[in-house]
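Written below as structure tokens is the structure these notes are about.
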Amino acid sequence: MSGFNKVVDSYDEALVGLKDNMTIIAGGFGLCGIPEGSIAQIKKMGTTGLTIVSNNCGVDGFGLGILLEDKQVKKMVSSYVGENALFEQQLLAGELEVELTPQGTLAEKMRAGGAGLPAFYTATGYGTPVGEGKEVREFNGRQYIMEESIVGDFAVVKGWKADRYGNVIYRNTAQNFNPMAATAGKITVVEVEEIVEPGELDPNHIHTPGIYVDRIIQGTFEKRIEQRTVRTA
Amino acid sequence: MSGFNKVVDSYDEALVGLKDNMTIIAGGFGLCGIPEGSIAQIKKMGTTGLTIVSNNCGVDGFGLGILLEDKQVKKMVSSYVGENALFEQQLLAGELEVELTPQGTLAEKMRAGGAGLPAFYTATGYGTPVGEGKEVREFNGRQYIMEESIVGDFAVVKGWKADRYGNVIYRNTAQNFNPMAATAGKITVVEVEEIVEPGELDPNHIHTPGIYVDRIIQGTFEKRIEQRTVRTA
Amino acid sequence: MALTREQLAMRVSRELQDGYYVNLGIGIPTLVANYVPEGMDVMFQSENGLLGMGQFPTEDEVDADMINAGKQTVTTVTGASIFSSAESFAMIRGGHVDLTVLGAFEVDVNGNIASWMIPKKLIKGMGGAMDLVAGADNIIVTMMHASKHGDSKLLPECSLPLTGAGCIKKVVTDLAYVEIGEGKFWLKERAPGVSVDEIVEKTAGELVVPDVVPEMEF
Amino acid sequence: MALTREQLAMRVSRELQDGYYVNLGIGIPTLVANYVPEGMDVMFQSENGLLGMGQFPTEDEVDADMINAGKQTVTTVTGASIFSSAESFAMIRGGHVDLTVLGAFEVDVNGNIASWMIPKKLIKGMGGAMDLVAGADNIIVTMMHASKHGDSKLLPECSLPLTGAGCIKKVVTDLAYVEIGEGKFWLKERAPGVSVDEIVEKTAGELVVPDVVPEMEF
């Protein structure tokens, strides 16, 4: 039977159920390892009022940046934003809210959300604006703040290869936030470069076990490079 | 230079610095994926007053069970113990203390210890003897208890293959608690079946990055099976 | 007639659905794997770090590095993945496992379960049971309805130390299938040939009995 | 003469030790990679999930899936490992990185650092900087000693919102190498040709000056 065949054939199908005002967790670091197809589909759907949890917000005209064009994003939860003019403009106009979150705390919030842990303590951000209003607690003579985990209505993830069971592997630093995002969506959509035959992926080396994944789609990717730095051979 | 050559040639060298009353975090589940060589070395050294954090305590005459023979263990932090008569005897005689910890909480305590997170909240154990005396807190209408992380003076780990940089991969379900244990030791000792050439392990599929590992040793392993269940072909 | 162990497993197996990820506890729950309905695909999770557990190995396939949470040698199925204990319990605690089946000493009308500790007996530990009951939305407890002496194990309040609080909604016993809600047991089905009177007699906690109690069919 | 950017990096590089895992921030810290002493082996960690970062790729090697935390294309060295952001910050937060080098707007006598936010200017975010300063025992801040207008950046108390509290012990500026302890700055070295008087003048926080302040040699 088809119980474990998670492959869908179109992004329409992959994002079925996405509605206004939902929270989306997105993988990617800068423009590396971003779910290009799902982002394009969200733009196409025109869904608005979105809260997007992602380390960055793309650039003008690419990545999550394209969701700003029609003001689909209500709030970004990110560690670093503002690589694009439109973001800055909407932020200053009060049309866009941003919750700046330290990068490691952001990664851990996603992981904890997927792992059923509602909160954790970290020294990161203690004594800074990030710690304001958060519970402070001492362990072994050091001060820590409590951070709550994040769960999304959807998670949109970019993998390298997957099988129809939803087992996924990532390639190089395109891994980044993707594995945690994959665990933290009520519905997790993974787009990959290649869908491989069952059994082809080594069970010992699967980055995201299929249990976290609801829908798999094979896509094509531009993979734009933000800072092309080279040396002469 | 030898900055990243973590290979040592003897278990004497691998466990240098281990002293009475230290805390040791050990990988393994039952007798699967246990650091046989390090355990034998600890027995040989005769170190006493040890607190050992490990899911189980071996069996009579094998695994961590051999450290009971000369009463080297003061306390076990485990989810399931008592597979051996000596353990029961010492427990009832008050010579051995045991802190029973739910398996998932134990795994997470090790991970959090290695990851610099002093505590986390979990629903596991709420309303049970495990939750007694622990802080209870409500998130989204559900009750959770606070659990503190664990760090060891030593971590003893069993891997499959490693390179001299300390990068480790595990084989099948011998992985279990080993990757978390590896992160949570001030000194982490990993024994493996094979030391491979630098570059042989795929950087994308390393289970334990070398940064967590202090000493690597190639060992030989009995790999005793606790419950040999077979079917007829 | 009270259900046999096999019938208990068969009844539980009717709760399976195609595409379910399932964690089976030690004992009767393990037998559920033998009764997956024809043409249905489920994947078994073993909390020591294996998703996609297969049958026991042949002599040739036995591998000391491939065991389940009961420490038995096992195999994997196509599509399996193997991971750390932290990842395994992230799945469990995070509610990603669709169905958990486990045994118990007692359950009560508030969905509490006691399954790991009998005071004054040697306490071996809870293993992964507390994580499993805390993490799963969908748990089926399989147990005997009463002790050999006739003492009910479906109680107004558990007498033994708990494994989890308020987490059990479905119980399959050798006598009946019972649901838990609103601080009561709700009788849903009875074992073939078992009278409602016997079930009522052996249920110490408040039991709601409908006019008609269908008999399980095997 | 105040140190050049390259000299700042060279001075910092003297804190490297064989076998160190090092995280270098964006800007001057990045240059430290160019001055690893001959015969010494260090591994660079990039917080987007790479341990063992190598040099920039040749045109042929450029790979969109292989970048550093500055979003630059990079390569890996032998012995590298690649992992998730959660694992990367487990390393950082857990204190497994031996040395972290980063820039700052201000530091103060209590080891506070401000490096990410200037009120009323556009705030882009802290990225991984707060995790890095909270996780590392051994941090070197590289920065200008004073602004172009001569305003000291080594203060009695940071005026800008903090990146981390009480976490900085070593500062290399264009004028001096200063340690922080007991609520004071301790002058340890001066840049070649820079007078102690100039350093004193440009240090707003309490500065302890020893009888002899050795000059850095390059």
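In what follows, chains are A, B, ... by sequence order, proteins preceding strands, each numbered from 1. Worth knowing before you read on, the calculation uses all heavy atoms, side chains too, and leaves out hydrogens, waters and symmetry mates.
Heavy atoms closer than 4.5 Å to chain A are found nowhere in A129(D), neither backbone nor side chain. At a 4.5 Å heavy-atom cutoff, the contact between E61(D) and chain A is made by side-chain atoms alone. Looking at N55(A), there are no atoms closer than 4.5 Å to chain D (heavy atoms on both sides), in backbone or side chain. Only the side chain of P179(A) comes within contact range of chain D, judged by heavy atoms closer than 4.5 Å. Contact of D60(D) with chain A is not made at all, since no heavy-atom distance falls under 4.5 Å. When heavy atoms are compared at a cutoff of 4.5 Å, S84(D) approaches chain A by way of both its backbone and its side chain. In this structure, the portions of Q227(A) lying under 4.5 Å from any heavy atom of chain D include both its backbone and its side chain. Contacts between L91(A) and chain D at a heavy-atom distance below 4.5 Å involve the side chain alone, from C-beta outward. Using a 4.5 Å cut-off between heavy atoms, I67(D) contacts chain A through both its backbone and its side chain.
Residues S38(A) and E191(A) bring a donor and an acceptor atom of their side chains to less than 3.5 Å of each other.
A salt bridge links E135(A) with R137(A): the closest approach of a Lys/Arg side-chain nitrogen to an acidic carboxylate oxygen falls below 4.0 angstrom. For the pair K161(A) and E193(A), the salt-bridge criterion is not met [side-chain N within less than 4.0 Å of a carboxylate O]. Using a cutoff of 4.0 Å between basic side-chain nitrogens and carboxylate oxygens, K109(A) and E147(A) are scored as salt-bridged.
Ranked by heavy-atom pairs shorter than 4.5 Å toward chain D, the options I225(A), T122(A), N176(A) are led by N176(A). Of the listed residues R93(D), M130(D), K71(D), the one with more heavy-atom pairs under 4.5 angstrom with chain A than any other is K71(D). In terms of heavy-atom pairs under 4.5 Å with chain A, the best-connected choice from A165(D), A64(D), A90(D) is A64(D). Looking only at heavy-atom pairs under 4.5 Å with chain A, the residue among G125(D), C167(D), S85(D), A134(D) that has the most is S85(D). When Q103(A), Q175(A), R231(A) are compared by the number of non-hydrogen pairs under 4.5 Å with chain D, R231(A) comes out ahead. The most heavy-atom pairs under 4.5 Å with chain D, out of P102(A), G27(A), G125(A), G33(A), come from P102(A). For the set N56(A), T128(A), T101(A), V98(A), the count of heavy-atom pairs under 4.5 angstrom toward chain D peaks at T128(A). Note on V133(D), L162(D), T73(D): by heavy-atom pairs under 4.5 Å with chain A, the leading option is T73(D). With chain A as the partner, the residue from A86(D), G49(D), A80(D), G70(D) showing the most heavy-atom pairs under 4.5 Å is A86(D). Interface summary for chain D: among Q143(A), R171(A), H207(A), R111(A), the most heavy-atom pairs under 4.5 angstrom belong to R171(A). Across R142(A), E83(A), M110(A), the residue that shares the most heavy-atom pairs under 4.5 angstrom with chain D is R142(A).
Counting only distance, with no hydrogens or angles, the side chain of N167(A) and the backbone of P209(A) share no donor-acceptor pair below 3.5 Å. Within the 3.5 Å criterion, the main-chain N or O of A204(D) finds a donor-acceptor partner in the side chain of S152(D). With hydrogens and angles disregarded, a donor-acceptor distance shorter than 3.5 Å links the side chain of Q90(A) to the backbone of L68(A).
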Handout entry: Stepwise side-chain contact (heavy atoms from CB on, under 4.5 Å) test for I92(D) and Q45(D)
Key = CA-CA 9 Å; I92(D) 289 167; Q45(D) 204 257 17; 3.7 Å; yes
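One finds the CD1 atom of I82(D) at 9.5 Å from the CG atom of D65(D) (value rounded to the nearest 0.5 Å). Within the model, atoms OG1 of T105(A) and CZ of F120(A) stand 5.5 Å from one another, a figure rounded to the nearest 0.5 Å. Between the CE atom in M143(D) and the NZ atom in K153(D) there is a gap of 6.0 Å [rounded to 0.5 Å].
Within a 6.0 Å sphere centred on CG of D151(D), other residues, nucleotides and ligands contribute more than 12 heavy atoms.
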